[in-house]
Amino acid sequence: MKKSILNFLFILISLSAFSQIEKYPVFPSCDSLDIATLSNCFNNEVKKLVVNEFKLPETIKNDNFTDTINVVFVVTSTGNFKVIYVNSPYKELKVEIERIFETFPKISPATYNNHPIEMQFVFPIAIPIENNKPTTIVKKTVEKQPEITAYEIKKATEIVVPKNTLFPEHNSDLNIPFTHEVYSNFDYFLNQSDNTHTAVKPFVYNEVNKYVDLDAQKNKLVKPKETWFGKKLLNEHMAFVKGNGYWFTVDPVVDLQIGKDSEGINTFNNTRAITVNGAIGKNFSFSTSFYESQGRFATYFNEYANSIKPDGGNPAIIPGRGIAKVFKSDAYDYPVAEAYLSYSPNKYFNFQLGNGKNFIGDGYRSLFLSDAASPYPFFKINTSFWKIKYTNLFMTMQDVRPELTEDGAYKQKYIAMHYLSWNATKKLNIGLFESVIWDNANGRGFDFNYLNPLIFYTAVEFSTGSRAGNSLLGLSLKYKMKDISIYSQLIIDEFRISEITSNNGWWANKNGIQIGAKYYNAFSIDNLYLQAEYNSVRPYTYSHDELNYNYGHNNQPLAHLWGSNFNEFVGIVQYSKDRWFANSKLVFGKKGFDFNSSTDSFSYGGNIYRDNDERANDYGNTIGQGNAAKIFIADVQVGYLVNPATNLKLFGGVIFRNFNPDVPTTTFNKINNTWISFGLKTDVFNWYFDF
């Protein structure tokens, strides 16, 4: 009844508008009719074309699928039909609907004040097709508005989330755990819309659920089980409690793996964790996770972890995780805690306060902000309106080197950044990035000048003194097509135009560039994903002559994992079928290191923690200078998704790494390393082994 009333109101409003300034699209067979009857004629012609042409895919026949799907389509200002969205759990059904609409003839477009316009519609289609009854194809709007989202479709046709859903987080303001494998799937769906933003990660469930039917995607993977143990192991959260206005889930998290590398090291990782997610009311969500871990890794990984150890006696920092203690004399014990609160008072704002990681960019790497370093305290504001998404991040970092440790306390610093994402056209996105780093020198503490979310940080830095901080600027571009997107980033630390034009390799022209492409459902193969990416960062970028103003945290870079002074190419292939998956990655490049010898102690710009004043030359600086190392990494992994609710996976993988410096040192030795591992892990964060 409600649905009929809603459809009637849509029609009533539409007819009211038509009498003044608007006219429906016109099929040739409808051309002689009065304007008041054009909508009915249009509806009948579309339904007739769909019903006559529709061929039910065999997969759907075999599954005995019965339901009503919603097709969002437009008639363009040139009179062509274009499918925007199909609300269906079956890829085959989406392909069939798109094929049908491609057979539609070109017609006279809708007009507004006698000018051709694009008009959008929602068309409910019952499956099987013979179950269709007289329905109304609902026109969304008279004026040009943002595209119809999956969320709006659900509201318009009363498709609501079932009360007994297995995945309550899908309708919350919690973050979707950020892994590149999962997010590549989301990117495909988000790119089909004209007004989405994909650079700032992690995404919020409610944000993605407007464009992707998350429940339908996971429900396809659910395996019916009768026993409590079978349900909890293979399909559901371990504990799910809900009441009037609240819910929470509790899940164990594991990363249990064993392996061996070609240097004879028996590797292992033993992570046990607990994650609690929940929501109170419609607007407030929370998450907390605590990891207790012990591990021994491949030789090259252990050597790097030892090389960035903190002051105070701890033997290592596990990259991306945290400070480690000794475990059984040759392994590490590294606890990690992450948590955040998320609050969305309305559709425009989301506020988050927590300890964790963030990522800005569309690539595998980021030159703005990556998730390669340890977790840190942060406060984030996401503001979305019109074609804009504006992100403010305020973070507290620490430097753990001996020269910046005072009475056993690590030196603190603060970072404020903002990122403006603007959809300039339906296909082109432009991003503007700015950040500033400062510390509590001279009792300065947190500078409240930077709390203004609209302020230009470089202006504040200039007004507080040239030595008061370190600012970075960035520009990003993304162009999206149906199955391909192209993205790029430009980061500028310092520059002088006169020195750039002279092309003389001035040391303080510090910048980096990224360019990449993603290909979804490559070569018309469902779930085949390809990505290629090139990164290049000049020497001394992200570093400073004030030791605490570098762009790093816990002895790890905050942007690209390799720091600076490098060229790199990344190639990625991913494929999944039902619960099975396979991923492969190739990374190769060249990076310039320091010699760190008694005869050459200069900084060549690859270590962002070195003082700029220790540079080897003012001019003639080139990428890869110093102790140049050629790096090649191949990573292959195959596995099986055990539980879609928690992303629990069985996997096996092999990493081959060739590291070949011009001059081997104790820190950067020449090595060929092959690391084989098997295990069971809850895949909820990115862990990078490609350095």
Point to revise | Phe659 six-ring face occupied by Lys630 cation (under 6.0 Å, within 45°) | key: no
**Study point:** Test of ring centre spacing under 6.0 Å for Tyr211 and Phe189
**Key:** no
Review point. Can we say Asp493 and Lys510 salt-bridge, meaning some charged N sits less than 4.0 Å from an Asp/Glu carboxylate O?
Key: yes
Practice item. Please answer whether the main-chain N or O of Tyr575 pairs with a side-chain N or O of Asn527 as donor and acceptor at a distance below 3.5 Å. Key: no
Point to revise | Derivation and outcome, side chain to side chain contact (heavy atoms under 4.5 Å, CB included), residues Gln398 and Lys413 | key: CA-CA 6 Å; Gln398 65 182 13; Lys413 62 182 174 185; over 6 Å; no
Point to revise | Pairs touching residues 648-661 that satisfy side chain to side chain donor-acceptor pair (under 3.5 Å), sequence neighbours left out | key: Glu181-Lys649, Lys649-Asp683, Asn658-Asn672
Review point. Distance-only, no hydrogens or angles: does the Glu263 side chain make a donor-acceptor pair with backbone N or O of Thr299 under 3.5 Å?
Key: no
Point to revise | Aromatic plane relationship, Phe297 with Trp675 - under 30° parallel, 30 to 60° tilted, over 60° perpendicular | key: perpendicular
Review point. Is any side-chain N of the basic residue among Asp662 and Lys670 closer than 4.0 Å to the acidic one's carboxylate O?
Key: no
Revision key, fill the gap. In terms of heavy-atom contacts, Asn565 and Gly606 come closest through CB-CA, 3.6 Å
Exercise for review: May I have the step-by-step check of side chain to side chain contact (heavy atoms under 4.5 Å, CB included) for Tyr85 and Gln192, ending in yes or no?
Suggested key: CA-CA 8 Å; Tyr85 181 84; Gln192 305 307 305; over 6 Å; no
Exercise for review: Would you check if Gln352 and Val204 make a side-chain contact, meaning some heavy-atom pair closer than 4.5 Å?
Suggested key: yes
Check your understanding: Going by an N to O cut-off under 4.0 Å, is there a salt bridge joining Lys82 and Glu98?
Key -> no
Exercise for review: Identify the two heavy atoms, one from Ile437 and one from Asn550, that lie closest to each other, and give their separation to 0.1 Å.
Suggested key: CD1-O, 3.7 Å
Revision key, fill the gap. side-chain contact (heavy atoms from CB on, under 4.5 Å) filter on Phe685, not counting sequence neighbours, yields Tyr291, Arg321, Trp687
Point to revise | Asn195 side chain reached by His197 side chain, heavy atoms, under 4.5 Å | key: yes
Practice item. Kindly give the heavy-atom pair with the smallest separation between Lys480 and Thr196, and that separation in Å. Key: NZ-OG1, 3.6 Å
Review point. Parallel, tilted or perpendicular: which describes the rings of Phe359 and His180, with under 30° parallel and over 60° perpendicular?
Key: perpendicular
Review point. Does the side chain of Phe569 reach to within under 4.5 Å of the side chain of Asn535, using non-hydrogen atoms?
Key: no
Review point. Any side-chain heavy atom of Leu530 within less than 4.5 Å of one from Ile572?
Key: no
Check your understanding: Are Phe178 and Tyr183 near enough that their ring centres are under 6.0 Å apart?
Key -> yes
Review point. So His560 and Tyr542, ring pair (Phe, Tyr, Trp, His ring centres under 6.0 Å) or not? Walk me through it.
Key: CA-CA 10 Å; His560 196 292; Tyr542 305 118; 8.9 Å; no
Review point. Asn554 and Val400: which non-hydrogen atoms are nearest, and at how many Å?
Key: OD1-CG1, 3.4 Å
Point to revise | Whether Tyr364 and Tyr688 hold their rings parallel, tilted or perpendicular, with breakpoints at 30° and 60° | key: perpendicular
Exercise for review: Indicate yes or no for a side-chain donor-acceptor contact from Ser543 to the backbone of Tyr609 under 3.5 Å, with no hydrogens or angles considered.
Suggested key: no
Point to revise | Salt bridge Glu568-Lys590, side-chain N to carboxylate O under 4.0 Å | key: no
Study note, to complete from the structure: Between the OG atom in Ser370 and the CZ atom in Arg365, the distance rounded to the nearest 0.5 Å is 7.5 Å
Review point. In a check of ring pair (Phe, Tyr, Trp, His ring centres under 6.0 Å) between Tyr604 and each of Trp507, Phe566, Phe595, Tyr540, which one passes?
Key: Phe595
Point to revise | Reported NZ-to-CG distance for the pair Lys218 and Asn643, which is rounded to 0.5 angstrom | key: 8.5 Å
**Study point:** side chain to side chain contact (heavy atoms under 4.5 Å, CB included), paired with Leu648, selected from Leu680, Leu641, Val253, Val684
**Key:** Leu680
Point to revise | Sidechain-backbone polar pair: Ser262 side chain, Thr674 backbone, donor-acceptor under 3.5 Å | key: yes
Review point. What distance do Gln489 atom CD and Ser476 atom OG have between them, rounded to the nearest 0.5 Å?
Key: 6.0 Å
Check your understanding: Short question: side chain of Asn627, backbone of Val663 - any donor-acceptor pair under 3.5 Å?
Key -> yes
**Study point:** Which atom of Ser485 lies closest to which atom of Lys478, heavy atoms considered
**Key:** CB-CE, 4.1 Å
Review point. Do the side-chain N and O atoms of Glu533 and Tyr487 include a donor-acceptor pair separated by under 3.5 angstrom?
Key: yes
Practice item. Mark yes or no: Lys591 above the aromatic ring of Phe593, with NZ or CZ under 6.0 Å from the six-membered ring centre and no more than 45 degrees from the axis. Key: yes
Check your understanding: Okay, side chain of Thr198, backbone of Asp187: is any donor-acceptor separation there less than 3.5 Å?
Key -> no
Between side-chain atoms of residues 376-385 and protein atoms elsewhere (two or more places apart, or another chain), which donor-acceptor pairs fall under 3.5 Å?
from	atom 1	to	atom 2	distance (Å)
Tyr376	OH	Asn358	N	3.0
Lys380	NZ	Asn358	OD1	2.9
Asn382	OD1	Thr391	OG1	2.6

Check your understanding: Going by atom types alone, do Gln637 and Asp635 pair a side-chain donor with an acceptor below 3.5 Å?
Key -> no
Review point. Is a side-chain N or O of Tyr519 found less than 3.5 angstrom from the main chain of Phe523, in a donor-acceptor match?
Key: yes
Exercise for review: Would you check if the distance from the ring center of Phe301 to the ring center of Phe691 is below 6.0 Å?
Suggested key: yes
Check your understanding: Is it the case that Asn521 and Asp483 place a side-chain donor and acceptor less than 3.5 Å from each other?
Key -> no
Exercise for review: Any chance you could lay out the ring pair (Phe, Tyr, Trp, His ring centres under 6.0 Å) test for Phe689 and Tyr300, step after step, and finish with the verdict?
Suggested key: CA-CA 9 Å; Phe689 299 97; Tyr300 79 92; 7.8 Å; no
Check your understanding: Has the side chain of Lys357 got a donor or acceptor atom that lies under 3.5 Å from a matching backbone atom of Gly320?
Key -> yes
Review point. Does OH in Tyr640 sit with more than 12 non-hydrogen atoms of other residues, nucleotides or ligands closer than 6.0 Å?
Key: yes
Point to revise | Contact summary for Thr646 and Thr682, nearest pair of heavy atoms | key: O-CG2, 3.1 Å
Practice item. Side-chain contact test, heavy atoms from C-beta onward, threshold under 4.5 Å: evaluate it for Leu393 versus His418 and give yes or no. Key: no
**Study point:** Ring-ring centroid check Phe368 Phe433, cutoff 6.0 Å
**Key:** yes
Check your understanding: Can any side-chain N or O of Asn306 pair as donor or acceptor with the backbone N or O of Asn302 at less than 3.5 Å?
Key -> yes
**Study point:** Between Asp213 and Gln217, a side-chain donor and acceptor under 3.5 Å
**Key:** no
Point to revise | Polar side chain donor-acceptor pair, Thr179 to Asn686, under 3.5 angstrom | key: no
Review point. With a 3.5 Å cut-off and no angle check, do the side chains of Gln556 and Ser374 form a donor-acceptor pair?
Key: yes
Exercise for review: Answer whether the closest heavy-atom distance between the side chains of Leu528 and Val573 falls below 4.5 Å.
Suggested key: yes
Check your understanding: Any donor-acceptor pair under 3.5 Å linking the side chain of Ser366 with the backbone of Ile360?
Key -> yes
